[in-house]
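Have a look at the structure below before the remarks.
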Amino acid sequence: MKRRAVLIDVDYVVRRGKGTVRLILKGKRFFKMYDPDFKPYFYIDSEEKIDKGKYGNIEIVDIQTVKKFVGRKEKELQKITCSDPREVPILSEILGRFGRVYETGIKFGRRYIMDNNLRPMNEVEIEYEGKNVKSVSDVGESKTPLNTLAFDIEVYNPQGVPREDKDEVIIISYSDGKEDGAITWKDCGNAPNAQVVENERAAIERFCEVLEEKDTEVLVGYNSSMFDIPYMKARADALGIRFPIGRSGKPPVLRKFGMTAHVKLEGRIHFDAYYSVRILAAAQALKLQRHTLEEVYREMIGGEPWKVDSLAIFQMWDDHTRRKALVEYAMKDSHATAEIFERLMPLQIELSRLTRLPLSQISGATTGQLVEALLMNEAVKEGIIIPPKPGETLAGERHGDQIQGAYVKLPNPGIYENIAVFDFRSLYPSILTSHNVDPETLNCGHEECKNGKNVSPLGHYFCMKKPGLVPSTMRSLLDRRKTVKAQLKNATGYDASILNARVAAMKIVLNTAYGMLNYARARWYSRESAEAITAWGRYYVQDVVKKAEEAGYTALYADTDSIFLLMGERREKDAIEFMDSINKTLPDTMELELEDIYTRGVFVSKKHEKEAKGAKKKYALINRKGKIKIRGFELVRRDWSKVAKDTQLSVLKAILEEGSKEKAIQIVKDVVRKINDGEIDKKDLVIYTQLRKSEYVNISPELAAVEKARKRGMNIGTGAIIGYIVTRNGKSISERAELEEFAKDYDPSYYIDHQILPAVMRIIGELGYTEDDIKFEGRQSSLGGWM
DNA sequence: GCGAGCAGCGTACCT
DNA sequence: ACAGGTACGCTGCTCGCG
């Protein structure tokens, strides 16, 4: 029998005592298929012929001699096949004495996908008998949407932090993005779409039924790996009931890896949107003060926040007149999660197709894992042995052995007019491909290459005859990205969103490729390759600076792949001419672009310097259309109060837009007065910061505030982004710092001397003003409190 | 005993 | 747990001064 379906996931399960590959497919009664004929294997490079037969309890079922590339050398290896993936680590350890073993740590599901050339989220054609797969092949892109349900739970929490053994799940809400629903177990004043069941136990059971009824293929949560699902599981255990949240009534499988947790559901994709958001934030594709559901919703979708104060949940539940509102809030959470997922979905699907990693692994994958997955696929296709992951010791050594990075030109502080900004498009990927930089093309040994032109500024040379795996993979991405961008011009609606996501997915991978060569834990680590890339990068940027100065420009600033030139009396066409002259000299995939021309720009001096040196990575520009671009200033940082950031922005705007120093001064004076008079909103005084470590040497203000909150019973863990206010109560700043929820007043002198003035003085200093020109007003009048 | 100056820690940013 | 380069606040210490 043959059939087509969307491939959701590939994993392995133990079936009749043997580990067998299982395909998870879209479709209710057809989601589980097994391929008992697919056997696990690995390679060994040994002079000795390995004997077929038994090693301990393990039987080698097949041995083949195969030709594979180990690095750049083609070798004859023995392919050792056994019958259960759990045997691979043991057998490879035993055979290790006969020679070097390869590809012993590849997950069985990944192996299956790579060897059969499958792509998750694509359609596959399956030939089968009963539940067993006879053959499977990729058919291509599917436009069938998966059945998706977002959910969220509310928990009774009279102690603030809910206790798994006592505090009930009171509401389970869900949403498919169109229709919302909720399950609860107390009268909630006929809240629309809410069903009231008998008790908590019935609510949990009912939720699992809803998943079955809706045939949910993707279950979406927000921090559900760490909270909702483990909590429901714990409650089910406490109540002594089953928690059949997977298809065919299976419970969830919870796994913890240090700080992060993963939830696996039978036959469904569990997608934690919180993880995706964190990854996007890490890739700088999303920038937020905090990663709460409300903040993310506001940024991605728009609209007003609706959050219930977490301490109000149990009060609303206990008060039957407010229970309806609580249920409605709960549904809004689920609805928001569904909408966020809808936005994330196209990119996630494209990343899944590009890397062949199942969607369930994509939400939690780092960008590094994405690149590595792609390279592994390419290696298998090319008959190249996948390099092993380094051990702890090797990774540690690599980590300590740092390379020189990018060039950053020291700017002269000042206010400038008519600035042209150029940048190299995808600098590192284009160097990597143009110069064929790869661990295996490095110092290839050919005399022609050694004495050829492809030598880095540090003296490494790279093969000019044969493309390496990394550059050829990246070159095809660069080419495909161009093609897709062209297709995008004529696309609309669904097609356009998929193509946009495809471009974005390729961009993420391209931007991370260089990082992988320099990442201590990467399979394709190559210190020399990474070092050559940054050396070439420094060379090309400095070469543009040099040529610009020869052409009569003043080079104001440069950072990694960008160059800022003072145009003087020159016009755009001159800048384009200069750019063209550079581009004529660049190798194939490299290209300099004119990013924009700015009418005015501000560079400031560094703080802690004796003589006035310019600060790097801090500037503000305004283009001909009046669009402002600000980098590095306090106003782009989350660890500064909003009042300081807003003031800094106003000052920069006054200078960039109007060139008015009087206005700038007035803005600052006004804010100083308001702070002294206690006219500032509490929320504008909050300073956000993340607790990145679990143990600290010094007690910083934020840590002191957290310690005080912990004493009051608040549960704040590593990784949390907390907000604090500096109050009047205490001596040191640490003593005065309180989490925003506990702050009763604020210290005006802190906000003036440590927030407003540092943020604006170096900008205003460029205009010839000093602090005394600002601090004219008396401080004694200050009220600085809300209570 | 005190303020200035500095090192080290720590966070967030730029590309 | 993708990299290196950078700014800068806070804490806690040393040092010189009186």
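We name chains A, B, ... by the order of the sequence lines, and we start the count at 1 in each one.
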When A:Ala513 and A:Ala406 are each assigned the nearest nucleotide of DNA chain C, the 5'-most assignment goes to A:Ala513

If you check every side-chain atom of [X], which of [options] has the closest atom?
X	options	result
A:Thr366	C:dG5, B:dT11, C:dC2	C:dC2
A:Arg637	B:dT11, C:dG9, B:dG10	B:dT11
A:Thr689	B:dC14, B:dA12, C:dT6	B:dA12
A:Asp559	B:dT15, B:dA12, C:dG5	B:dT15
A:Tyr519	B:dA12, B:dT15, C:dA3	C:dA3
A:Lys607	C:dG9, B:dT15, B:dA12	C:dG9
A:Thr512	B:dC13, C:dC2, B:dT15	C:dC2
A:Met516	C:dC8, B:dT15, C:dC2	C:dC2
A:Glu702	B:dT11, B:dC14, C:dA1	B:dT11
A:Trp640	B:dT15, B:dC13, C:dG9	C:dG9

Side-chain N or O of [X] versus OP1/OP2 of [N]: is the shortest distance under 4.0 Å?
X	N	answer
A:Thr367	C:dC2	no
A:Lys616	B:dC13	no
A:Lys618	B:dC13	no
A:Tyr428	C:dG4	no
A:Arg762	C:dC8	yes
A:Arg631	B:dT15	yes
A:Gln402	C:dG4	yes

Could you tell me whether A:Arg710 and A:Glu707 make a salt bridge, using a distance below 4.0 angstrom between a side-chain N and a carboxylate O? yes

Salt-bridge criterion met for A:Lys645 and A:Asp639 (N-O under 4.0 Å): no

Looking only at atom C1', what distance separates C:dC2 and B:dC9, rounded to whole Å? 24 Å

Considering every strand and a 4.0 Å limit on heavy-atom distances, what is the contact class for [X]: base, sugar-phosphate, or nothing?
X	value
A:Gln369	nothing
A:Tyr557	nothing
A:Val636	sugar-phosphate
A:Gly405	sugar-phosphate

Distance, rounded to the nearest Å, where [X] contributes [atom1] and [N] contributes [atom2]:
X	N	atom1	atom2	result
A:Ile687	C:dC8	CD1	P	17 Å
A:Ile431	C:dG4	CD1	P	16 Å
A:Lys507	B:dT15	NZ	P	13 Å
A:Ile403	C:dA3	CD1	P	11 Å
A:Asn511	C:dG4	CG	P	17 Å
A:Glu634	C:dC8	CD	P	7 Å
A:Tyr407	C:dT6	OH	P	10 Å
A:Asp423	B:dC14	CG	P	15 Å

For a quick check, tell me whether the side chain of A:Arg638 and the base of B:dT11 share a donor-acceptor pair closer than 3.5 Å. no

Quick one: does A:Ser224's side chain have a donor or acceptor within less than 3.5 Å of a partner on A:Asp272's backbone? no

Any donor-acceptor N/O pair, A:Asn518 side chain to A:Tyr514 backbone, under 3.5 Å: no

Should we count CG of A:Asp543 as having more than 12 external heavy atoms under 6.0 Å? yes

Measure all distances between protein nitrogen or oxygen atoms and nitrogen or oxygen atoms of nucleotides 10-14 of chain C, and list the pairs falling under 3.5 Å.
from   : atom 1 : to       : atom 2 : distance (Å)
C:dC10 : OP1    : A:Tyr750 : OH     : 2.8
C:dC10 : OP2    : A:His754 : ND1    : 2.9
C:dT11 : OP1    : A:Ser734 : N      : 3.1
C:dT11 : OP1    : A:Ser734 : OG     : 2.5

Side chains of A:Tyr540 and A:Pro457: does their closest heavy-atom pair fall under 4.5 Å? no

Suppose we screen for ring-ring contact (aromatic ring centres under 6.0 Å, His included). Which residues come up paired with A:Tyr598, at least two apart in sequence or across chains? none

For the pair A:Tyr553 and A:Phe578, name the ring-plane relationship: parallel under 30°, tilted 30 to 60°, perpendicular over 60°. tilted

Under the rule for side-chain contact (heavy atoms from CB on, under 4.5 Å), what residues qualify as partners of A:His460, not counting sequence neighbours? A:Leu442, A:Asn443, A:Ser456, A:Leu458, A:Phe462, A:Glu528, A:Glu531, A:Ala532

Run A:Phe603 and A:Tyr557 through ring-ring contact (aromatic ring centres under 6.0 Å, His included) and show every step you take. CA-CA 9 Å; A:Phe603 281 79; A:Tyr557 179 62; 5.4 Å; yes

